[in-house]
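Here is the structure we will look at, set down as structure tokens.
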Amino acid sequence: MEPLYGRIRDYAWGSRTVLAQLQGRPVPSEGPEAELWLGAHPGDPSTLHRGGAPLSLLDALAEDPGRWLGADVVDRFGQRLPFLLKVLAPEAPLSLQAHPDAEQARAGYAAETTDPELTHRNYVDPYHKPEMLVAVSPFRALCGFRDPVESAELLEAFGVPALAPVVGALRAASGGLPEAVRTLLSWPEPERAGLVAAVAAAQVGERFAPAAELARDLARRYPGDPGVLVALLLNHVSLAPGEAIWMPAGNLHAYLHGAGVEILAASDNVLRGGLTPKHVDVRELLRVLRFEVLADPVVSPVPVAPGVVTWPVPVDDFALHGVRLDRRVGSARLAPRGPRIALCLAGEVSVADGAGSTLLGPGEAAIGRADGGQLTVSGDGELYVASVGPA
């Protein structure tokens, strides 16, 4: 294991405290800091130190992919690191978004690459982008569609007559949810501001008060954006530290506020559904979305060894383990598949494999090659380990 130096993304929705506090820098930071990236994503690869100078992890992998990634990973994913590890710190809501599955990504990328008249790209690479976020502080998010009947009752409670067709679609025996989303996202431009404002100003009963508060907050940030109303069709999730949400292909979601560790397949394919000034391709979004009711989007940690938990997911691009060590549990051993990235969130921990050991403090990370073998963690602190999932 050797030190790995991540990159901070300064998106406008980011916190000015979370990442600065984590890394022991002055608080508040000079500008918003939204994400800490750890991986070999071409958009902002992490770095190693070689001879006193930084070396892009992307370049290191290209120089010796077999040793870094291992033959199995190269066979399955090509000569690239298939996952990206992040620390997310949303101070304000992100856009409503969904991601394509692997087949949709390959087909969409190929079609757009050969279209000379295309003015906006939805697919910037041929990969899917499933994601999982583990809360490290109380975390709020929107994730997956809830029961359309419940959504119909909610929208009806706002008492806005113009929403009657949407309420009717949600109560339809079949096919109503896609029609409701299509109607909202295709609402005539001149009428959007008035509709969103009417919902934000409505008075509702106690049962729907949290949803009304969410609508008011989103309408204040995104006036006239029909995504404010689409957000009301989703599960409003409050995670405790250690709980996770899993976002497979086609899952409409948005992060609202908090801090979390996110692991995802290394892709940039995003189809937005509102709460953003960026392009919204309604037709393509509707084609990709899975209009399935997600009754319980929360994923609880599963213990696998003393001090070690994981959050199982049905993809092989990545796996994530959480490690908590103290005087009672002073060390732990893991057998990660392929290359591994370790991130310390609290305390001081040592991470060691066959290639060497590295001491990590809060906000520091290390990486190991596929041929590093077993990973031993010791000390007193909190650590997350990202690796490739089982085939």
Side-chain angles (χ1 to χ4, degrees), residues 13 92-101 104 108 112 118-123 129 141-156 158 160-172 174-200 202 211-212 214-236 247-256 269-294:
W13 47 263
L94 282 68
S95 62
L96 284 172
Q97 57 189 260
H99 310 293
D101 63 28
Q104 291 166 337
E112 291 185 351
L118 191 69
T119 58
H120 174 83
R121 297 198 64 161
N122 292 311
Y123 300 95
K129 193 186 180 187
L142 303 172
C143 183
F145 291 107
R146 59 180 175 178
D147 187 330
V149 173
E150 295 179 5
S151 295
E153 292 174 355
L154 168 60
L155 293 189
E156 194 169 48
F158 283 99
V160 178
L163 288 175
V166 180
V167 172
L170 291 169
R171 287 193 166 133
S174 63
L177 184 54
E179 180 59 28
V181 175
R182 180 184 295 105
T183 300
L184 290 173
L185 291 180
S186 304
W187 207 271
E189 288 273 1
E191 302 174 15
R192 290 182 177 184
L195 177 66
V196 173
V199 170
L214 174 66
R216 286 192 293 270
D217 179 56
L218 295 178
R220 176 177 59 83
R221 298 176 187 273
Y222 305 101
D225 189 328
V228 172
L229 306 180
V230 176
L232 299 176
L233 310 183
L234 305 180
N235 293 297
H236 189 176
M247 287 143 296
N251 173 294
L252 190 62
H253 61 277
Y255 299 143
L256 299 177
N269 289 324
V270 178
L271 290 155
R272 294 179 175 85
L275 309 183
T276 178
K278 296 181 180 179
H279 178 74
V280 176
D281 187 331
V282 175
R283 181 177 179 180
E284 187 65 12
L285 175 69
L286 293 173
R287 192 180 73 84
V288 164
L289 283 181
R290 293 182 179 174
F291 293 98
E292 304 166 350
V293 174
L294 185 59

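Since we're looking at a predicted model, the values are computed, not measured. The analysis underlying the following values was restricted to heavy atoms, covering all of them including side chains, and did not include hydrogens, waters or symmetry mates.
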Pairwise side-chain contact, L285 with V181, heavy-atom cut-off 4.5 Å (strictly under): no

Within the structure provided, determine whether R272 and L96 are in side-chain contact (heavy-atom separation under 4.5 Å). no

Counting C-beta onward and ignoring hydrogens, is there a side-chain heavy-atom pair between P148 and V293 closer than 4.5 Å? yes

Distance check, rounded to the nearest 0.5 Å: L177 atom CG versus R182 atom CZ? 10.5 Å

To the nearest 0.5 Å, tell me how far R192 CZ sits from L184 CG. 10.0 Å

Using 0.5 Å steps for rounding, measure from the CG atom of L271 to the OH atom of Y123. 5.0 Å

What are the two closest heavy atoms between R216 and A202, and how far apart are they? NH1-O, 4.2 Å

Flag side-chain contact, heavy atom, 4.5 Å: V228 against L275: yes

Write down the atom of L294, the atom of C143, and the distance for their closest heavy-atom approach. CD2-O, 3.8 Å

Contact check, side chains of V149 and L170, non-hydrogen atoms, under 4.5 Å: no

Is it the case that over 12 heavy atoms from other parts of the model lie below 6.0 angstrom from the CZ atom of R283? no

Roughly how far, to the nearest 0.5 Å, is the CG atom of L232 from the OG atom of S151? 8.0 Å

Distance from N269 atom CG to K129 atom NZ, nearest 0.5 Å? 8.0 Å

With R171, the salt bridge (Lys or Arg N to Asp or Glu O under 4.0 Å) member among E153, E156, E150: E156

Quick check for you: to the nearest 0.5 Å, what is the distance between L233 atom CG and D147 atom CG? 11.5 Å

Could you tell me whether the side chain of W187 reaches within less than 4.5 Å of the side chain of L229, counting heavy atoms only? no

Under 3.5 Å: donor-acceptor pair, side chain of H253, backbone of Q97: yes

Please name the pair of heavy atoms, one in A254 and one in S95, separated by the smallest distance, quoted to 0.1 Å. CB-O, 3.6 Å

Is the shortest side-chain heavy-atom distance between L252 and L142 below 4.5 Å? no

Ignoring hydrogens and angles, tell me if any N or O in the side chain of N122 forms a donor-acceptor pair with the backbone of E284 under 3.5 Å. no

In terms of ring plane angle, is the pair F291 and F145 parallel, tilted or perpendicular, where the classes change at 30° and 60°? parallel

Please report the C-alpha distance between V199 and L155 in whole Å, then the side-chain angles of each, then the deciding distance to 0.1 Å, and finally whether the side-chain contact (heavy atoms from CB on, under 4.5 Å) criterion is met. CA-CA 9 Å; V199 170; L155 293 189; over 6 Å; no

Check whether any side-chain heavy atom of L214 sits under 4.5 Å from a side-chain heavy atom of H236, and report yes or no. yes

